[in-house]
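Values below: all heavy atoms of this structure, side chains included; hydrogens, waters and symmetry mates excluded.
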Amino acid sequence: MTLWHLILLASIAVLAIKLLGYAVPPALFDAPRPRRTLELLTVSLLAGLVAVQALGQGEAVVADARIPAVLVAAGLFAVRAPFIVAVAAAAGTAALLRALGWAA
């Protein structure tokens with residue numbers, strides 16, 4: 001079995017799981033506890049993705065200009081700044097820190 005066979009099988013499995021989600025009756029998620037769990041699951045998955053992208057480089061954990069940039073963006077999101085402003089400020093922060101020599 002080649003790598004392409006594995007990718008095809010994984011794609012079919014992901015599609016099957018996604019289609020299976022449509023078979024779940026919506027009434028199952030009307031109760032407060034399942035609804036809250038689903039809301040928190042989305043936030044935790046996004047937070048995990050941000051942490052991996054901000055702290056990871058290959059298999060190592062690195063501390064470079066991305067960490068302050070993410071913190072700047074998070075602070076701007078906390079005060080409800082527009083998305084483009086937060087992205088531009090984070091990019092500017094990372095660029096400035098890298099220009100000052102604090103980068104990997």
Side-chain angles (χ1 to χ4, degrees):
M1 185 174 287
T2 67
L3 178 64
W4 287 108
H5 289 118
L6 291 174
I7 291 172
L8 182 61
L9 286 174
S11 301
I12 291 169
V14 167
L15 179 63
I17 291 171
K18 186 173 183 79
L19 292 176
L20 187 62
Y22 289 111
V24 176
L28 184 67
F29 304 119
D30 287 341
R33 180 171 280 179
R35 180 175 304 276
R36 182 73 175 144
T37 301
L38 289 175
E39 290 170 358
L40 292 176
L41 181 66
T42 305
V43 172
S44 64
L45 286 172
L46 181 59
L49 177 63
V50 168
V52 166
Q53 292 298 314
L55 298 173
Q57 186 173 6
E59 293 186 15
V61 176
V62 295
D64 60 6
R66 292 177 290 180
I67 295 171
V70 168
L71 292 175
V72 166
L76 288 171
F77 284 136
V79 297
R80 305 242 186 235
F83 180 77
I84 191 70
V85 172
V87 170
T93 301
L96 178 67
L97 290 174
R98 287 182 174 149
L100 294 175
W102 193 56

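The OG1 atom of Thr2 sits 9.0 Å away from atom CG of Leu8, with the distance rounded to the nearest 0.5 Å. Here the CD-CZ distance, from Glu39 to Arg36, works out to 6.0 Å after rounding to the nearest 0.5 Å. Here Leu20 contributes atom CG and Leu15 contributes atom CG; the two are 11.0 Å apart, rounded to the nearest 0.5 Å.
Listed by first and then second residue, the salt bridge (Lys or Arg N to Asp or Glu O under 4.0 Å) pairs that reach into residues 42-57 come to none, sequence neighbours excluded. For the salt bridge (Lys or Arg N to Asp or Glu O under 4.0 Å) condition, the pairs that include at least one residue of residues 5-30, sequence neighbours left out, are Asp30-Arg35.
Applying the salt bridge (charged side-chain N to carboxylate O under 4.0 Å, His left out) test to Arg80 and every residue at least two apart in sequence or in another chain returns nothing.
Contact record, Gln53 with Arg66: O-NH1, 3.1 Å, taken as the closest heavy-atom pair. Of all heavy-atom pairs between Pro34 and Ala31, the closest is CD-O, 3.4 Å. When all heavy atoms are compared, the tightest approach of Ala69 to Ala94 is CB-CB, 4.0 Å. Residues Leu97 and Ala65 share a closest heavy-atom pair of CB-CB, 3.9 Å. The two atoms that bring Leu76 and Val85 nearest to each other are CD1-O, 4.1 Å, heavy atoms only. Closest of all the heavy-atom pairs between Ala54 and Ile67 is O-CG1, 4.3 Å.
Note: the hydrophobic cluster containing Leu55 also contains Leu71 (ILVMFWY, side chain heavy atoms under 4.5 Å, direct or indirect links). Under a hydrophobic-cluster definition in which Ile, Leu, Val, Met, Phe, Trp and Tyr are linked whenever side-chain heavy atoms come within less than 4.5 Å, directly or via other members, Leu40 and Leu45 are assigned to different clusters. Cluster membership for Ile17 and Tyr22, using ILVMFWY side-chain heavy atoms within less than 4.5 angstrom, is not shared. Hydrophobic clustering (side-chain heavy atoms under 4.5 Å, transitive across Ile, Leu, Val, Met, Phe, Trp, Tyr) keeps Leu19 apart from Ile12.
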